[in-house]
Amino acid sequence: SQKIEQNSEALNIQEGKTATLTCNYTNYSPAYLQWYRQDPGRGPVFLLLIRENEKEKRKERLKVTFDTTLKQSLFHITASQPADSATYLCALEGSSGTYKYIFGTGTRLKVLA
Amino acid sequence: DVKVTQSSRYLVKRTGEKVFLECVQDMDHENMFWYRQDPGLGLRLIYFSYDVKMKEKGDIPEGYSVSREKKERFSLILESASTNQTSMYLCASSSREAGAAGANVLTFGAGSRLTVL
């Protein structure tokens, strides 16, 4: 069955360091992979989308990589700040037109001042 | 600047009650979704709709129904609430139009936390 795995354990890092979060998937060939941020008690907020033919995408301090051979995406936050503390979710969509998005359980990131 | 609005942030209902969760989006999106989110299980898709009066089952539709009479509104209905439906419910919308703002990206509401006693 289709499965998305994110490290369920919380990730604690020092302010200023680079945080790297992992998203692995199996039995799936997504056309898109997305990353969302979710704060406690709130809905997820979209951050970045990367397509299957793209290797890397950047937005300010954020970088996403997508390796369809390894079936893995890495999400990096450089120069992390305490305000980056949140849960980060990866999501996959199948071929365009399926409209169904499958989410990982998320990784909680805590940036220590 | 709120784009997806869920009618209730917190609800407490009793077992067997009928529950309506309302969601409205102002972005003219074709697609709308209902997810539930539980600790350790992540977001699971209940139902989605790609057009008015159209609906498709997601991964966990049992015990739920939906209604989409207007493009901007998507309602989730629990016909007879049970304690295992206590959860955070998240509504989302997206556009199907390639290149459109929000295409293939989910915009979520703030969530509705339902407790069934």
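Chain letters run A, B, ... following the sequence lines, proteins first and then strands; every chain starts at 1. Computed from a predicted structure; not experimentally measured.
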Test of understanding: clusters of I, L, V, M, F, W, Y form through side-chain heavy atoms closer than 4.5 Å, transitively. Do A:Leu109 and A:Leu112 belong to the same one? no
The reported gap from CD in A:Gln38 to CG in B:Leu90 (rounded to nearest 0.5 angstrom) is 6.5 Å
Between A:Ile4 and chain B, with a heavy-atom cut-off of 4.5 Å, which part of the residue counts as in contact: side chain, backbone, both or neither? neither
I want to know whether B:Phe108 and A:Phe46 have ring centres closer than 6.0 Å. no
Say you draw a straight line from CD1 of A:Ile102 to CG of B:Leu45; how long is it, rounded to the nearest 0.5 Å? 9.0 Å
Treating Ile, Leu, Val, Met, Phe, Trp and Tyr as nodes and any side-chain heavy-atom pair under 4.5 angstrom as an edge, say whether B:Tyr47 and B:Ile77 lie in one connected cluster. no
Would you kindly confirm whether A:Val64 and A:Ile77 end up in one hydrophobic cluster when ILVMFWY residues are joined by side chain heavy atoms under 4.5 Å apart? yes
Consider only side-chain heavy atoms of I, L, V, M, F, W and Y, link residues closer than 4.5 Å, and tell whether A:Phe66 and A:Leu47 are in one cluster. yes
Euclidean distance, A:Leu49 CG relative to B:Leu106 CG, rounded to 0.5 Å: 10.0 Å
d(A:Tyr36 OH, B:Leu43 CG) to nearest 0.5 Å is 10.0 Å
Rounded at 0.5 Å granularity, tell me how far OH in A:Tyr101 sits from CZ in B:Phe48. 10.0 Å
Which atoms of B:Arg9 are under 4.5 Å from chain A, going by heavy atoms: the side chain, the backbone, both sets, or neither? side chain
A quick test of your reading: do over 12 heavy atoms of other residues, nucleotides or ligands sit less than 6.0 Å from CD of A:Gln14? yes
Can you tell me if A:Arg108 has over 12 outside heavy atoms packed within less than 6.0 Å of its CZ? no
